[in-house]
Structures are given as C-alpha cells and as structure tokens.
Asks: 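Provided herewith is a single structure, encoded as structure tokens, for subsequent inquiry.
Source: prediction; values computed, not measured. Every number for a ligand or one of its atoms is a count from 1 in the order of the listing.
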Amino acid sequence: MSRSVRLARACGALLLGCVLAGCDGGVRGTPGGAGVRDPYFPKAGNGGYDVEHYALDLDYVPDGGRLSGTATVTARAAKDLSAFDLDLSGLDVEQVTVDGESARFSRAGHELVVRPRDDLGEGERFEVRVRYSGTPRTLTDPDGSQEGWLPTGTGAVALGEPVGSMTWFPGNHHPSDKASYAITVTVPEGLRAVSNGELASERTHDGRTTFVWRTAEPMASYVATLAIGRYGITRSTAAGLPVYTAVEPGQAEESAEVLARLPEVMEWAAHTFGPYPFSSTGVIVGDEDDAGYALETQNRPFFPGAPDTALLVHELAHQWFGDSVTPRTWRDMWLNEGFATYAEWLWEEDEGGDSAQETFEALYAGDDDDLWAFPPAEPSGPAHISDRPVYDRGAMVVHKIRQAVGDDAFHDLVQGWTAAHRHGNADTGDFTAYVEERAPDVDFDGIWAAWLYGEGRPESP
Ligand code: TRP
Ligand code: ZN
C-alpha cells in the first residue's frame, strides 16, 4: 500500500469514527469572554452563550447563614467555545459538570471559568451544573448601597440590582440575557421562602420545608429574588391574576391599607401601560431595616417595610418598564426609572392630585442642582445610575413626549412600546427610533438634544 493510500484510509477511519460516535473533532473553540462590555459594569455577564433556563436547588440555614446547593444552567453556545465564564462572587465551588461530565474550573475575582472536556459548537445547547456552598456575601455598589445577599432579623433577602445576584447563584449576570427559572429552596420549618413566579409546591419533611417556585416568563437576573423569613402569606386575585403577598408579621398592620389597593393599582397600570406581562403578581414586605430600598423583583416587588401608594405604583410599573422591557445595558436605566417615576405622576394626576404638568413645572422651577447633574441617557458613572437625573429628569423626558404628541397619542405610544419589546431588551436608541416612527409628524430632535442628552437644565420647560 502506498503511503498516500494508507493515509487516506486512516483519515477515512477517523472520520467514520467521528460520524459513529458523534464526536466534534472539527470544533476549535475559543473562550467565551469575561464580560459583555456593559458601559458601566464591563465585567458583568459573560460572552459566548445565552442562558435559557436556571434551575436552582438551594438550602439555607439562617443560624450560621450557610447556603448550599446546585445551579443547573441550560444555555446555548453563541460561538464555538473552548471555555466560558459564569459570574459568581464568593462561595465555594465543589464541582462543575457540563452535560454530565465533570469539567475543570477556576476562579478569578467574580469569574468562574469552566473548561468543558470537549469544546462546545456554535448553536449547541448545553447544561452546566455547579455544586456550591458557603456564606453568601453582601456587595457594596459603587453608589454605596448594599445588594446581593442581605441577612435580615428572621432570614435573608437577595436583591440583585445591578450585579448582586452573583452572590447567590452562578450565572450570566447581565440584563441582556434573560431566562426562565425554577427556584427550589429548603429552609427550617417555620420559615418561608418567597421568590419570583408561582409557587408550585410547598412540603415539610423532618423539620424542613421545601418551596418550589417557577418563573416561566423571561427574567433578568437582577430582578430575581429570594426572601426567607417569617412571612405571612395572603393569596387572592387581582386584575384576573393570582396574587401572592408575603408580609413580615411586624409589618402586617402597617401595610394592610396600602396592600388592599393592589388590585386597583394593577388594573390602573394595565389600563395605562397595556396588558400585564406576567402570570402572577404580589409583593414582599420585609422588615423596615431590611435592605433600605425597594426593588422591582419580578412578579412581586420587595419593600423594606410597608410602602406608601406611590412606591407601590412605582414598583408595579417597573413590571412593565424594567422587568418585561429590560434595559440592554445599565446606561439605559432611565427607561426603567423615568417611566416608573412617570407612573407615580400619572397616578397622582388620575387620583385628582397634581397633574403631571404641575409636577413637571415644579421640578423645572426648583433649585435642586442634583436634578441637572448629567443627562438621563448618559449617567456620569456607575455610582450614578440611580441618581435623580435618571428618575426625575427621566420622567421629564417622558412628559416632554406627551406634550409633543398629545394625551391620546401618548397613551397609544406607551402601550405600543411595552408591546413591541414585551419580555425583551431595549436601549435608548430603540426608544427614540420607536417614538419617531410612531409620531412621524413631530420633530423630536430638540427634545432629545435638550432633555435626553443635554448637559444642565434645558433653557425652557
Ligand atoms: N431600582 C429601585 C427602584 O427604583 C431602587 C434601587 C435599587 C436603588 N437599588 C438601588 C436605589 C441602589 C439606589 C441605590 O425601585
Ligand atoms: Zn424604580
């Protein structure tokens, strides 16, 4: 046999072997990347794959504060991958498998780098399972606020804006990668674990209770939550949806009146913003010194103590603006906060209080320089994404659009926006393009230049 024939036979055998065994000898992957280059949090999230589903199976013991469990992340490779990262801050990783085979892994800062035994091909769906445990961390944000895992008097609450969810489960922790979730949590009997979506089951065995929560609609990880405490539960219906409210007993009396208005707020919000995007609603009311701020956790926002009606309106409005229509990057935060703040103005107007025009004028005439510190569409740094220009001046941008198009067109435009990007992501450019397309007779250039992108207080209200 000639040398070339022998070579050809050998290659043929190799190829045939691959066809039979389904091996991916042709794939030459590269690492996925340690961030998605967010302009404000460049290392948040990871490149190279999209998560479809998180299945978390967790156990928490408040006495000692130990969390242990398994995260099973189903994802699809966006390119040929030799390795990929998950974001995880703190905790000890005991084992990682990819498609059931044990994988090598390393830790560097909040990156958990996973090297599957075989490269993953572009488009391939894979399942990475991480077994981990430890005492979860609380993170301090650039703006000084605390997020991540927050131990409370009776248990803990997990709040993840902007990056805190990496303290309690490994994942692609950037708002651009939304996924469905199944969160199973076991806690000592007598405590309750409350999360997003709907409660599928609750079982007590040997002094421990296991709660299974399912979120079918896409969810950004920063609005995932887990609240463990002595919560009292009330189930009801509102706007045709199941309501699950969890209230720390010490807050029950204080919050009864405002929570009685939840159905009314839900109906008003659906009328104003369009159909509610999720399959259940509710709230979580923790104790007053838990967290220090409210957060629009999906399906049921978290409040540190009883909210007032305006705050309830704000966090429920976020279900449309933030949770369903999610910012593509942290630069687009005003699309969340501007609309949630504008929801408060609209509610007050519809309740017969100040009109949004009056609220707008009072802000414009006020002498608080903080409001004009930077343009809403370009926060001056990661420490400022929750500052007043994002909230109040963001709402002023929304009001300028309403002034320009009139009330009826504004109503249609807002509903069209929540419909167009329902369960998706959007950025400021998507928004301005959408507004221009829906109101072709109006020139918005001056509004964008002065109100959205301009430095300082615009020359006229
Ligand atoms: N986004 C929350 C809201 O508007 C508030 C919030 C969450 C916040 N984290 C923060 C405000 C950190 C200041 C700092 O409801
Ligand atoms: Zn808000």
Asks: Distance check, rounded to the nearest 0.5 Å: Leu335 atom CG versus Thr428 atom OG1?
Replies: 4.5 Å
Asks: About how many Å separate CD1 of Ile228 and CG of Leu226, when rounded to the nearest 0.5 Å?
Replies: 4.0 Å
Asks: Considering heavy atoms of the protein only, find what lies nearest to atom 13 (C) of ligand 1 and give residue, atom and distance to 0.1 Å.
Replies: Ser386 CB, 3.6 Å
Asks: Name the closest protein heavy atom to atom 15 (O) of ligand 1, giving the residue it belongs to and the distance to 0.1 Å.
Replies: Glu315 OE2, 2.4 Å
Asks: Looking only at atom types and distance, does a side-chain atom of Asp59 sit under 3.5 Å from a main-chain N or O of Ser68, one as donor and one as acceptor?
Replies: no
Asks: Counting each atom of ligand 1 from 1 as listed, which ones have a heavy atom of Tyr293 under 4.0 Å away?
Replies: 6 (C), 7 (C), 9 (N)
Asks: Around atom 14 (C) of ligand 1, find the nearest protein heavy atom and jot down its residue, atom name and distance.
Replies: Asp143 OD2, 3.3 Å
Asks: Measure from NZ or CZ of Arg457 to the centre of the six-membered ring of Tyr364, then state whether that distance is under 6.0 Å and the direction lies within 45° of the axis.
Replies: yes
Asks: Which atoms from ligand 1 have a heavy atom of His314 less than 4.0 Å away?
Replies: 3 (C), 4 (O), 15 (O)
Asks: Heavy atom under 4.0 Å from ligand 1: found in Glu147's side chain, backbone, both, or neither?
Replies: neither
Asks: Could you pull out the atom name of the N/O/S atom in His318 that is nearest the Zn ion (ligand 2)?
Replies: NE2
Asks: Of all the heavy atoms in Ala340, does at least one lie under 4.0 Å from an atom in ligand 1?
Replies: no
Asks: How many angstroms lie between atom CD of Glu147 and atom OG1 of Thr138, to the nearest 0.5 angstrom?
Replies: 10.0 Å
Asks: Give the residue, atom name and distance (to 0.1 Å) of the protein heavy atom nearest atom 12 (C) of ligand 1.
Replies: Ser145 OG, 3.1 Å
Asks: Atom 7 (C) of ligand 1: which protein heavy atom is closest, and how many Å away?
Replies: Glu161 OE1, 3.1 Å
Asks: Check whether Asp427 reaches the backbone of Asp430 with its side chain - one donor and one acceptor, N or O, closer than 3.5 Å.
Replies: yes
Asks: Salt bridge check, Asp392 against Arg388: does any charged N sit closer than 4.0 Å to a carboxylate O?
Replies: yes
Asks: So does Glu337 have any N/O/S atom less than 2.8 Å away from the Zn ion (ligand 2)?
Replies: yes
Asks: Considering only non-hydrogen protein atoms, determine which one is nearest to atom 4 (O) of ligand 1 and report residue, atom name and distance to 0.1 Å.
Replies: Tyr391 OH, 2.8 Å
Asks: To the nearest 0.5 angstrom, please state how far the CG atom of Leu91 sits from the CE atom of Met166.
Replies: 12.0 Å
